[in-house]
Engineer: 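Attaching a single structure in structure tokens format; questions to follow.
One-based numbering, in listed order, for ligands and for the atoms of each. Keep in mind that what you see is a predicted model, and the values were worked out from it rather than measured. Sequence positions, counted from 1, serve as the residue numbers for this chain.
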Amino acid sequence: RAKSEGRGRLRTFDAAMDARLRERYALAAELREAIPRGELSLHFQPQIAAPTGEVVGFEALVRWHHPTRGLVPPAEFIPLAEENGLVLQLGEWVLARACAEAATWERPYKVAVNLSPVQFQSHDLPETVWEILLATGLAPARLELEVTETAIIDDMDRALNILRRLKNLGVTIAMDDFGTGYSSLATLQAFPFDKIKIDRSFVSRLESQPQAASIVRAVLGLGRSLGMGVVAEGVETHAQMRFLSAESCDEVQGYLFGRPMPARDIPELRRGGDALDAADGGSRSEKR
Ligand code: C2E
Ligand code: MG
Ligand code: MG
Ligand code: MG
């Protein structure tokens, strides 16, 4: 009897797992169609210079408007796209879209684009980025690429090679979600990042956990000594902002300053002027 009960449980488990797998398959298949069907879009979240309060750039965050499931968060579909290789195509779409969008902005704000580790391990990434910059006319200095620690620890030599080639194009590189991965201080020293983004989890615990404050201070010190700017992610309260300002954090990003939104809903991003004007900080002629 024990044996048959065991089998029964196994069957239920199998069925549940089967359903989950089928669900994932279905979602992955639908994701393949999402780009041609125009279901993907980008939202932009402002990045603010902490000392002045000025907007300096926007991070592009991908959104999937599924016809029946509604808005599917990137945390659900990016991992799927990474598993089946679709992330290369998706990532290229995001890059092209973000650069094309930024090239229409009246002011020369930077645009930050997230790269999947899979993209970062592809040898032709620098060529892809270069072709997109040429096609959109966006000045390379206005593009920032965000990579995570997992993108570099797999194959450090390859990652370093790709990073150097990217920097030679004139784009800047930020280490995203710093503190959540496994890279060492030696890694950080070996890689010429322009910026470190302190993960939201440390910022959100600033007020409740003294250790979080110590970690944030340590990362700020690390950034200063390595000559890298430090950005705090997920700033939601004035108290967090006061702490970060007092500790001379360079940039902040979070709901306190703005949620990710479609470009057309962001007042700072009035259209007008072509890419060259924008890169010059030029034409304000179409200001409403
Ligand atoms: P991330 O790059 O670290 O982006 C920051 C995430 O934190 C975004 O979530 C943003 O909406 C959210 N956030 C910003 N400020 C606050 C705040 O004050 N409070 C809270 N609670 N959250 C805040 P989102 O858009 O859901 O993206 C999640 C992750 O998905 C991103 O983390 C990034 O790793 C990935 N992702 C998003 N877009 C892309 C993309 O185009 N390509 C790739 N490869 N990954 C992407
Ligand atoms: Mg990011
Ligand atoms: Mg992050
Ligand atoms: Mg993240």
Engineer: Can you tell which of Arg63, His43, Arg200 gets a heavy atom nearest to atom 7 (O) of ligand 1?
Structural biologist: Arg200
Engineer: Under 4.0 Å from a heavy atom of Ser116: which atoms of ligand 1 are those, numbered in the order shown and with their elements?
Structural biologist: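 Taking each heavy atom of Ser116 in turn, ligand 1 has 44 (N) under 4.0 Å.
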Engineer: Which atom pairs, donor and acceptor, lie under 3.5 Å between side-chain atoms of residues 64-73 and protein residues at least two apart or in another chain?
Structural biologist:
unit_1 : atom_1 : unit_2 : atom_2 : d
Trp64  : NE1    : Glu39  : OE1    : 2.9
His65  : NE2    : Ser41  : OG     : 2.8
His66  : ND1    : Thr68  : N      : 3.1
His66  : ND1    : Thr68  : OG1    : 3.3
His66  : ND1    : Arg69  : N      : 2.9
His66  : NE2    : Glu30  : OE1    : 2.8
His66  : NE2    : Arg69  : NE     : 3.4
Arg69  : NH1    : Glu23  : OE2    : 2.6
Arg69  : NH2    : Glu30  : OE1    : 3.3

Engineer: Quick check on contacts: which atoms of ligand 1 are under 4.0 angstrom from a heavy atom of Asp177?
Structural biologist: 3 (O)
Engineer: Under 4.0 Å from ligand 1, counting heavy atoms only, is it the side chain of Val87, its backbone, both or neither?
Structural biologist: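 Neither part.
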Engineer: Heavy-atom contact check, 4.0 Å cutoff: does Lys197 meet ligand 1?
Structural biologist: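 Per 4.0 Å heavy-atom rule, Lys197 does not contact ligand 1.
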Engineer: By the definition side-chain hydrogen bond (donor to acceptor under 3.5 Å, both in side chains), identify the one residue from Lys110, Lys167, Lys195 that meets it with Thr172.
Structural biologist: Lys110
Engineer: Is the side chain of Arg205 donor-acceptor paired with the backbone N or O of Ser201 at a distance under 3.5 Å, no angle test?
Structural biologist: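 Yes, Arg205 side chain to Ser201 backbone: donor-acceptor pair under 3.5 Å.
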Engineer: Any nitrogen or oxygen of Glu233, side chain or backbone, less than 3.5 Å from one on ligand 1?
Structural biologist: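 Yes, there is a polar N/O contact under 3.5 Å.
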Engineer: Which of the atoms in ligand 1, numbered in the order shown and given with their element, are less than 4.0 Å from a heavy-atom of Gly254?
Structural biologist: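 Contacts of ligand 1 toward Gly254, numbered from 1: 15 (N), 18 (O).
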Engineer: Flag Gln253 as yes when one of its N or O atoms lies below 3.5 Å from any N or O atom of ligand 1, and as no otherwise.
Structural biologist: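 The answer is no, given that Gln253 and ligand 1 share no N or O pair closer than 3.5 Å.
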Engineer: Which other residues belong to the hydrophobic cluster containing Val118, where Ile, Leu, Val, Met, Phe, Trp and Tyr are joined when side-chain heavy atoms lie under 4.5 Å apart, directly or via other members?
Structural biologist: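 Other cluster members: Val87, Leu88.
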Engineer: Within less than 2.8 Å of the Mg ion (ligand 2), any N, O or S from Glu59?
Structural biologist: yes
Engineer: Using a strict 4.0 Å cut-off to heavy atoms of Val62, name the atoms of ligand 1 that fall inside it.
Structural biologist: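 Those qualifying, in numeric order: 38 (N), 39 (C), 40 (C), 41 (O).
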Engineer: Within the supplied structure, the quantity of interest is the number of heavy atoms (other residues, nucleotides, ligands) at a distance under 6.0 Å from Glu268 CD; does it exceed 12?
Structural biologist: yes
Engineer: Can you tell me the N, O or S atom of Glu146 that's nearest the Mg ion (ligand 2)?
Structural biologist: OE1
Engineer: Between Leu256 and Met241, does a side-chain contact (heavy atoms from CB on, under 4.5 Å) hold up when you go through it step by step?
Structural biologist: CA-CA 9 Å; Leu256 183 63; Met241 185 54 202; 4.0 Å; yes
Engineer: Below 4.0 Å, non-hydrogen atoms only: which portion of Ile78 touches ligand 1? Side chain, backbone, both or neither.
Structural biologist: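 Just the side chain.
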Engineer: Tell me the nearest of Asn114, Asp199, Val147, Leu71 to atom 33 (C) of ligand 1, using heavy-atom distances.
Structural biologist: Asn114
Engineer: Sort out for me which residue in Glu146, Met228, Glu149, Lys197 forms a side-chain contact (heavy atoms from CB on, under 4.5 Å) with Met175.
Structural biologist: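 Running side-chain contact (heavy atoms from CB on, under 4.5 Å) over Glu146, Met228, Glu149, Lys197 with Met175 returns exactly one hit, Glu149.
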Engineer: Report the member of Asp176, Thr180, Leu256 with the shortest heavy-atom distance to atom 1 (P) of ligand 1.
Structural biologist: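 Nearest option to atom 1 (P) of ligand 1, by heavy atoms: Asp176.
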Engineer: Could you identify the N, O or S atom of Asp177 positioned closest to the Mg ion (ligand 3)?
Structural biologist: OD1
Engineer: To the nearest 0.5 Å, tell me how far Asn114 CG sits from Gln119 CD.
Structural biologist: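 Between Asn114 CG and Gln119 CD, I get 9.5 Å after rounding to 0.5 Å.
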Engineer: Below a 4.0 angstrom heavy-atom separation, can you tell me which part of Leu61, side chain or backbone, both or neither, approaches ligand 1?
Structural biologist: both
Engineer: When you measure from the side chain of Asp199 to the backbone N and O of Thr180, does any donor-acceptor pair fall under 3.5 Å?
Structural biologist: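 Such a contact is absent between Asp199 side chain and Thr180 backbone.
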Engineer: Aromatic rings Phe191 and Phe193: how do their planes relate, parallel, tilted or perpendicular, breaks at 30° and 60°?
Structural biologist: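 Geometry flag for Phe193 against Phe191: parallel rings.
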Engineer: Tell me whether ligand 1 is touched by Gly91 - counting only heavy atoms on the residue side and a distance under 4.0 Å.
Structural biologist: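 Judged by the 4.0 Å heavy-atom criterion, Gly91 does not count as contacting ligand 1.
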Engineer: Is the Mg ion (ligand 3) less than 2.8 Å from an N/O/S atom of Asp176, whether that atom is in the backbone or a side chain?
Structural biologist: yes
Engineer: Check ligand 1 against Glu236 and write out every atom of the ligand that is under 4.0 Å from a heavy-atom position of the residue.
Structural biologist: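 Matching atoms, with element in brackets: 17 (C), 18 (O), 19 (N), 20 (C), 21 (N).
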Engineer: Restricting to non-hydrogen atoms, name the atom on Val219 and the atom on Val230 that form the minimum distance, rounded to 0.1 Å.
Structural biologist: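 Shortest heavy-atom separation between Val219 and Val230 comes out as O-CG2, 3.9 Å.
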Engineer: Counting from 1, what ligand 1 atoms have a heavy atom of Gln45 closer than 4.0 Å?
Structural biologist: 14 (C), 15 (N)
Engineer: Establish, for the pair Arg22 and Tyr25, whether the NZ or CZ atom is under 6.0 angstrom from the six-membered ring centre and no further than 45 degrees off its axis.
Structural biologist: no
